[in-house]
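Below is one structure; the comments refer to it alone.
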Amino acid sequence: MNNEELKSAILAIQPAATFDESGEFLNVHISSELLLPLMLELRNNKDFYFDYLFCETCIDWKDHLMMVYHLTSKSLKHTLVVKGKISNRDNAEIESVAGIWKTAEFMEREVYELFGVKFLNHPDLRKLILDDYWTGYPLRKDYSDPVNLIEY
Amino acid sequence: MELENATEGQDDLIINVGPQHPSTHGVLHIKLKVNGETITDVEPHLGYIHRSIEKMCESHTYRQFIYTTSRMDYLSAHINNQACALAVEKGLQVEVPARAKAIRILMAELTRLASHQLWWGCTGLDLGAVTPFFHAFREREMINDIMEKTCGARLTMNYAVPGGVMADLHPDFVKDVKAFLAEFKGKFHEYDELLTGNIIFEERVKGIGYISKEDAISFGCTGPVARASGVSCDIRKLHPYDGYENLQFEEIIRTEGDCYGRYLARMDEMKQSMYIIEQLIDNIPEGDYQAKTKALIKLPKGEFYQRVETARGEFGVYIVSEGATTPYRIKFRSPGFSNLSALKHMVVGGKIADLVAVMAMLDLVIPDIDR
Amino acid sequence: MLLKIFDFSTITAAFHLWLSGKMSSVLVMLIEMTIAGMCALGLFVFLGLVLVYMERKVSAVMQIRIGPNRVGPWGTIQAVADTVKLLLKEGLTPDGADKFLFNFAPILVIIVSMLILAPIGFGKGLVIWDLNIGVLYISAVSSIGVIGILMAGWASNNKYSLIGAMRSGAQIVSYELSVGLSLISVVILTGSLQMSDIVNSQANGWWIFKGHIPIIISFIIFVIASTAETNRAPFDMAEAESELTGGFHTEYAGMKFAMFFLAEYINIFIVCAIGATLFLGGWMPFHIGGLTAFNDIMDYIPSPFWFFGKTFFLIFVIMWFRWTFPRLRVDQLLTLEWKYLLPISMVNTLLVTLMAIMGWYF
């Protein structure tokens, strides 16, 4: 599907979605609560069939966090970027997509410890990279570490 | 199953493989639960070489941050640099001179060859054959010498910069590369004789670490690991960059899905890389090696994603720019990280020795996984 | 024909006679045993140094390297330097280890390899103790070595060591069978368990030439199984440095490690010596039937040269294995023994028996 078809098909599933076509890929903005049903549809619907999550990360926009999912379909060859906005920065929560794409399990564990996003229904949400006693979320913009001279 | 809180039951033994272990190829720590020799659970623990390069990059300019990426997948250092340069060029919308593109591809394929040679040697070492290591290093040394002459460094080259490459080729480059190709082609049959045809080797890797096509996609496996399972994922073919679309080469896709398939895929990839170099080496266009760019690059506001094919698989650079001289956020999608996530799927039920074989065939580079 | 070969027993007998005239028989025995012990120890040290040097040079040739070339001419005293380094290292005993067993294990391993030296004939009449059950003695004593390895693995209180030791136990117990059966095939043809009898029976041709295909098969099985029994690659499950870091000797350092190391090389020497004695004629020179002049020349080469030449050839073969083959997996190792080597050896033993009864050998 091309971008226009994708847009209309996604709007049919989730009318609250907004779009941004300024970049290389088609971006879909959605709030974090509505994310999981859309993702399930994107993966399982034969018309979308986004079977490959090639990048999952988070961006700290200072007032809110934003999960970014880069999806592509191996068979239908279209690419889509889904952005889930997490408004509550202090108690960030979002549904896990590890049940849909297995690669998300590790990527979400990484985001969990570096951004402090709590993934609901994640099979194994523990720290992956940092020490177990680490406090703070290093990749957030307000993280400061006087020892290593990282300033807020 | 969480190994963290597990106590040792009657039949299970928990072994810590790493962070100092000969076959983890670095500081990877794997918690292994075994029943006798059979693996019942496996859990990778990362972070021993985590430097938070993504955070570091947020305070570096677009020219500076490329240098940190050589230190991620140090065996594909040039390809990482190339990806970053391409991402910045995408934001700047500069046209890279044809000569620079050709040089980048040549360097990328040489890097890929060197990386696969190292992998081949280490595979032998992991499976208990020491000799292949030395044979692989004999040819790899020639590539490193070529790199040293042109780039000034043997491993972490930092040769690609936004707009092209840092300096022109060394006058000996074409001669050296041709000498290397002639030498390596003559020696390649030794690789097959030492490992590929060896019955013990084949028994050790055939049917080990199987992953199906669907699982490979779901786990985000890329590179030879996924291609051995029948997934078409060569970025050079799917999303060509720097002029790969003008070159003739085959994407190696196999259907075995096991360690042997991964092995053969990499061996064939070496031949394809040689073929690519052969096409280019006599046809390097004349002209500039670098496009004019400003000393202090400012990217426009927006997001830029560039994927390239490193020796291990799909490497992605995701730059979020706010229009400043430094990136607002950078994410590196590293191939080893996703490939490692499939480790548990591949080894549970196998023997301890199979873990070593699978890790060798995943071709893990730990700084690439930890970043 | 045999008279031409110098018999070392004339020297030893004369020495014994001379000593007996000087002192009581108890003292004579004590002195003779001391001398034999010193010779064995000397041989140990010599073999350790030579085999380590040889291993490094052979591996270097296989790996397109030069190998040791700094210490002494052509690096010949590199092994001595290594030994000095190992001597100077701290003999660490881990905290959680069973102190007694941990320290005793290397000694046990080395004692076992010393004991097996006794019935091996290094030349005509040059043997420490030519007991009449030589082959049985060798196979009995050599299986004690595994106890030392199990002891080391258990006492180290290390999981890698334990797994390595268990592997080694399973492996050595299994491969003993094949080694035993292939030795038996020669014993059947000779009709004696005594090493000197076996060597003498090959005066008119080595068993590998006289015994037709069945003996060649048992020789091949012997080489494979003895490689496995000495824990050498491609059967080095017990060490398996890429899986178990160091296997049963992970926790050992300094001289205790060196003892395991030395015992490994002595064991290689011993199995190769046994192979050379049983299949390649021991100290018997190489003869070609009908060529008297050639045979006479061969006879002038002293018998120890023949023995060591054959032994070192076999050692080279085993080293060659190590530096070219990848390692087997532990289940493949046991499959190889129980599903292939053992049935083949059994059938082969029957064939040899048939051959011996019917007299179908030269």
Side-chain angles (χ1 to χ4, degrees), chain B residues 8 12-18 20-25 32-34 36-39 121-139 141 187 190 193-208 263 350-357 359-360, chain C residues 55-56 58-67 153-154 157-171 224 227-228 231-247 250 319-336 339-340:
Chain B
E8 288 179 20
D12 291 330
L13 185 71
I14 291 173
I15 304 178
N16 287 298
V17 179
Q20 283 90 32
H21 189 275
S23 62
T24 52
H25 298 195
L32 202 62
K33 197 173 175 188
V34 289
E37 283 263 347
T38 311
I39 298 169
C122 290
T123 296
L125 208 57
D126 285 349
L127 296 176
V130 186
T131 306
F133 193 71
F134 293 90
H135 286 251
F137 264 64
R138 176 185 55 187
E139 278 88 47
E141 199 60 25
K187 297 278 171 62
E190 289 184 10
E193 284 160 16
L194 261 171
L195 272 187
T196 317
N198 188 310
I199 179 138
I200 300 177
F201 174 76
E202 289 190 3
E203 287 291 315
R204 279 293 302 276
V205 292
K206 270 186 184 167
I208 302 301
Y263 176 84
K351 301 278 185 287
I352 296 174
D354 293 341
L355 173 81
V356 176
M359 284 201 298
Chain C
E55 174 103 285
R56 296 181 70 159
V58 169
S59 69
V61 170
M62 306 264 169
Q63 295 166 352
I64 42 177
R65 297 185 284 123
I66 301 168
W154 173 256
N157 194 20
N158 178 319
K159 290 166 183 172
Y160 287 125
S161 301
L162 186 63
I163 293 178
M166 295 314 290
R167 282 179 175 188
S168 177
Q171 178 184 343
I224 295 174
T227 311
N231 285 329
R232 293 277 296 181
F235 307 103
D236 58 342
M237 296 308 113
E239 293 170 39
E241 79 280 345
S242 63
E243 295 152 30
L244 304 177
T245 60
T250 305
M319 286 179 178
W320 189 2
F321 285 170
R322 171 164 183 177
W323 297 111
T324 37
F325 285 135
R327 184 184 304 116
L328 275 86
R329 210 169 53 213
V330 67
D331 56 326
Q332 291 167 346
L333 177 92
L334 297 179
T335 309
L336 175 70
K339 289 191 181 163
Y340 298 100

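Naming convention: chains lettered A, B, ... in sequence-line order (proteins, then strands); numbering from 1 in each chain.
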| message | Counting only heavy atoms from other residues, nucleotides and ligands, does the tally under 6.0 Å from CD1 of C:Ile66 exceed 12? | response | no
| request: Find the one option among B:Val17, B:Ile199, B:Leu355, B:Leu125 whose heavy-atom pairs under 4.5 Å with chain C are most numerous. | output: B:Val17
| task | May I ask you to say whether B:Glu37 pairs ionically with C:Arg167, meaning some side-chain N is under 4.0 Å from a carboxylate O? | result | yes
| task | Give a yes or no answer on whether the side chain of B:Glu203 reaches the backbone of C:Gln332 with a donor-acceptor pair at less than 3.5 Å. | result | no
| message | By the salt bridge (charged side-chain N to carboxylate O under 4.0 Å, His left out) test, which pairs, at least two apart or in different chains, include something from residues 124-136 of chain B? | response | none
| remark: Under 4.5 Å to a heavy atom of chain C? For B:Val130 that would be both
| said: To the nearest 0.5 Å, what is the distance between CG on B:Leu194 and CZ on C:Phe325? | reply: 10.5 Å
| field | Min side-chain heavy-atom separation C:Lys159-B:Val34 under 4.5 Å | value | no
| Looking at C:Pro326 and B:Leu195, what are the two nearest heavy atoms and their distance? | CG-CD2, 4.0 Å
| field | Region of C:Asp331 in contact with chain B, defined by heavy-atom distances below 4.5 Å | value | side chain
| From B:His135 NE2 over to C:Met62 CE, what is the distance, rounded to the nearest 0.5 angstrom? | 9.5 Å
| query | What distance separates B:Ile200 CD1 from C:Arg329 CZ, expressed to the nearest 0.5 Å? | reply | 12.5 Å
| task | Name the member of B:Ala360, B:Gly124, B:Ala353 that forms the most heavy-atom pairs with chain C at distances under 4.5 Å. | result | B:Ala353
| task | Find the distance between CG (B:Leu13) and CD1 (C:Ile163) and round it off to the nearest 0.5 Å. | result | 5.5 Å
